[in-house]
Amino acid sequence: MSDRTTDAESPVLHHPGSAEYDGHRAGFQLREQHRPALVVAARGVGDVVAAVRYAADARMPIAVQATGHALAGPLAGRGVLVSTRGMDSVDVDPDAGTARVGAGARWRDVIDAAARYGLAPLSGSLPGVGAVSYTLGGGIGLMARRYGFAADHVTRLQLVTADGSLLTVSEHEEAELFWALRGGGGNFGIVTELEIALVPVAELVGGALMFDLRKTPDVVPAWLRWTATLPPEMTSALTALGFPGQHLAHVQIAYLGSPAEADELVTPLRALEPVHDSLQKIPYQQSHTVFGEPDQPYAYLGDNVLLRAIDEERLRDAVAVSAPDQPLPSVLTVRHLGGALSAPPEVPNAVSHREAKYLLCAVTPTAGPNAERARALHGDLFADWSADAVGSSPNFTFGRPDRRTAAERFDAAHRDRLLRLARRHDPAGLLHPSFVIA
């Protein structure tokens, strides 16, 4: 491969020491970054094929990055990083209700393209996240209880395997890979394009009720009891976080129905007198306002546990890790699952633990030596939930995972099947995906 050409089979390369090299390896996660021997700035599938074949011939490890939100196992001084941020095309077929999504596209790109036709993707709470990596991990989004996992709505993929072969993957082509990629992540190659089904949603009732936990601690068990009676059109979460002198709980709400129906449903929560209430009808293009998550890069670690049930008192105790007076304050989120998430898709896939009713996630900002303290905090926090735990979600593990979390991402039968496929398609173990099957 030459350093600078315009031939799609001879990608643009960047070496350590250049501004372009540093720009492409930078991602949302600031705690760690890839430090490869070589960065390939891919502009199309031909670039990806050429890069992978080069790496495979040289027996060099291969990683791919679009946005770098869930970086794990970064390349350290060797290997090839394929940067797909330039492959951000989105093509919507309004008649079929589908979108073809390039490897570097963010959910914002897909949301805006689909909105022109009154359609929406099953995107997550932060539209800056890469659509492909999110979907390969399952994808629990704002409409999840109504429509299920994002991976359930994938209809076709384009895949470059670890030997540089280019495959079309669908229900009828490479059926085993079609099963594995939808929930099994990037363990089988580099996905250069997804085709996904869109849903007929142009707007929703969304926003948050904010509570002062020092004045209204009962909001935590009240929200938990409230979720037990909700229709699948209501997807919600509770996020606890601290600021100097403040300990807040945000009840985040995305409802597919009328504002009047939403008002009736949230009456029990409004009776607790939130200090702020932003619930209103919004276009889906403003769905990022529901969670209001930070969109600027920072250093962090995160972990999660999927639960079949939640004890109210234990959840109260867990929320304490987010208090501003803690030595290492964290952001704690519990998401309500169930509904369509519990039902297997028409074409089975690798998404596991559909019986989970809640997802508990902790994200801890880190700096320097705080990483080990954050891991210890997460370990202690989630150990308390072992009796009700059914596993963990790939989408909510941020940072280098240990073998415990990797082993819990899949049902045992799914994990064995995925491991066999990963060994078949990457026998030399050259791929460095965001999460590995162990």
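Just so it is clear, the structure is predicted and the values come from calculations on it, not from any experiment. Just so you know, these numbers use all the heavy atoms, side chains as well, and skip hydrogens, waters and symmetry mates.
- Formation of a donor-acceptor pair under 3.5 Å by the R415 side chain with backbone atoms of F410 is found in this model.
- The shortest heavy-atom contact between P348 and W179 is O-CD1, 3.3 Å.
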>> Between W223 and H250, is the ring-ring contact (aromatic ring centres under 6.0 Å, His included) condition met? List the steps.
In response: CA-CA 10 Å; W223 174 82; H250 291 197; over 10 Å; no
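- Shown here is R270, whose CZ atom has more than 12 heavy atoms of other residues, nucleotides or ligands within 6.0 Å.
- Under the 3.5 Å distance criterion, the side-chain polar atoms of R145 are matched with a main-chain donor or acceptor of L337.
- Residues in residues 203-213 take part in these salt bridge (Lys or Arg N to Asp or Glu O under 4.0 Å) pairs, two or more places apart or across chains: E203-K281.
- Residues satisfying the side chain to side chain contact (heavy atoms under 4.5 Å, CB included) test with A26, not counting sequence neighbours, are Q33.
- Between A151 and R182 the shortest heavy-atom distance is O-CD, 3.6 Å.
- Two residues are said to be in side-chain contact when any heavy atoms from C-beta on lie closer than 4.5 Å; L279 and Y255 fail this criterion.
- At a cut-off of 3.5 Å, with distance as the only test, no side-chain donor of Y134 or S123 sits close to an acceptor on the other residue.
- Residues S322 and V331 fail the side-chain proximity criterion, which asks for heavy atoms closer than 4.5 Å.
- Closest of all the heavy-atom pairs between A162 and V52 is O-CG1, 3.6 Å.
- The closest donor-acceptor contact from the side chain of T216 to the backbone of L213 lies at 3.5 Å or more, if one exists at all.
- Across all their heavy atoms, A120 and M143 have their closest contact at CB-CE, 4.2 Å.
- Checking each of L341, L306, V390 against E355 for a side chain to side chain contact (heavy atoms under 4.5 Å, CB included) leaves exactly one that passes, namely V390.
- Side-chain atoms of D411 and H353, non-hydrogen and from C-beta on, do get closer than 4.5 Å to each other.
- Taking OG1 of T227 as the reference point, atom NE2 of H336 lies at 4.5 Å (rounded to 0.5 Å).
- For E173, the CD atom is densely surrounded, since the number of other residues' heavy atoms within 6.0 Å is greater than 12.
- Contact between L159 and F188 at its shortest, heavy atoms only, is CD2-O, 3.8 Å.
- Put simply, the side chain of I282 reaches to within 4.5 Å of the side chain of L204, judged on heavy atoms.
- Using a 4.5 Å heavy-atom threshold, the side chains of N187 and F435 count as touching.
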> Would V199 and R146 satisfy side-chain contact (heavy atoms from CB on, under 4.5 Å), going step by step from the backbone distance to the final call?
Replying inline: CA-CA 11 Å; V199 296; R146 172 61 179 86; over 6 Å; no
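- A distance-only check finds a donor-acceptor pair linking the side chain of D426 to the backbone of L431 [under 3.5 Å].
- Closest approach of S393 and I140 over heavy atoms only: OG-CD1, 4.3 Å.
- E273 and K215 are not joined by a salt bridge, as no carboxylate oxygen comes within less than 4.0 angstrom of a charged side-chain nitrogen.
- The closest donor-acceptor contact from the side chain of T155 to the backbone of E195 lies under 3.5 Å.
- Side-chain contact check for I62 versus M60: every heavy-atom pair is 4.5 Å or farther apart.
- For the side chain to side chain contact (heavy atoms under 4.5 Å, CB included) with L332, the qualifying choice from L360, T364, L241, V363 is L360, the only one to do so.
- Atom CZ of residue R108 and atom CD of residue Q285 lie 6.5 Å apart, to the nearest 0.5 angstrom.
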>> Walk me through whether D311 and R316 qualify under salt bridge (Lys or Arg N to Asp or Glu O under 4.0 Å).
In response: CA-CA 9 Å; D311 176 79; R316 282 180 187 264; over 6 Å; no
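- Heavy atoms from other residues, nucleotides or ligands lying under 6.0 Å from CZ of R214 number more than 12.
- Side-chain contact between S133 and H69 is absent, with no heavy-atom pair separated by less than 4.5 Å.
- With hydrogens and angles ignored, the 3.5 Å screen pairs a side-chain donor or acceptor of S278 with a backbone N or O of A208.
- D152 and R354 are joined by a salt bridge, as a carboxylate oxygen and a charged side-chain nitrogen come within less than 4.0 angstrom of each other.
- A perpendicular orientation is assigned to the rings of F28 and Y298, their planes being inclined by more than 60° (bins at 30° and 60°).
- The shortest distance between side-chain heavy atoms of H24 and L81 does not fall below 4.5 Å.
- Comment: R25 engages D22 in a salt bridge, judged by a side-chain N to carboxylate O separation of less than 4.0 angstrom.
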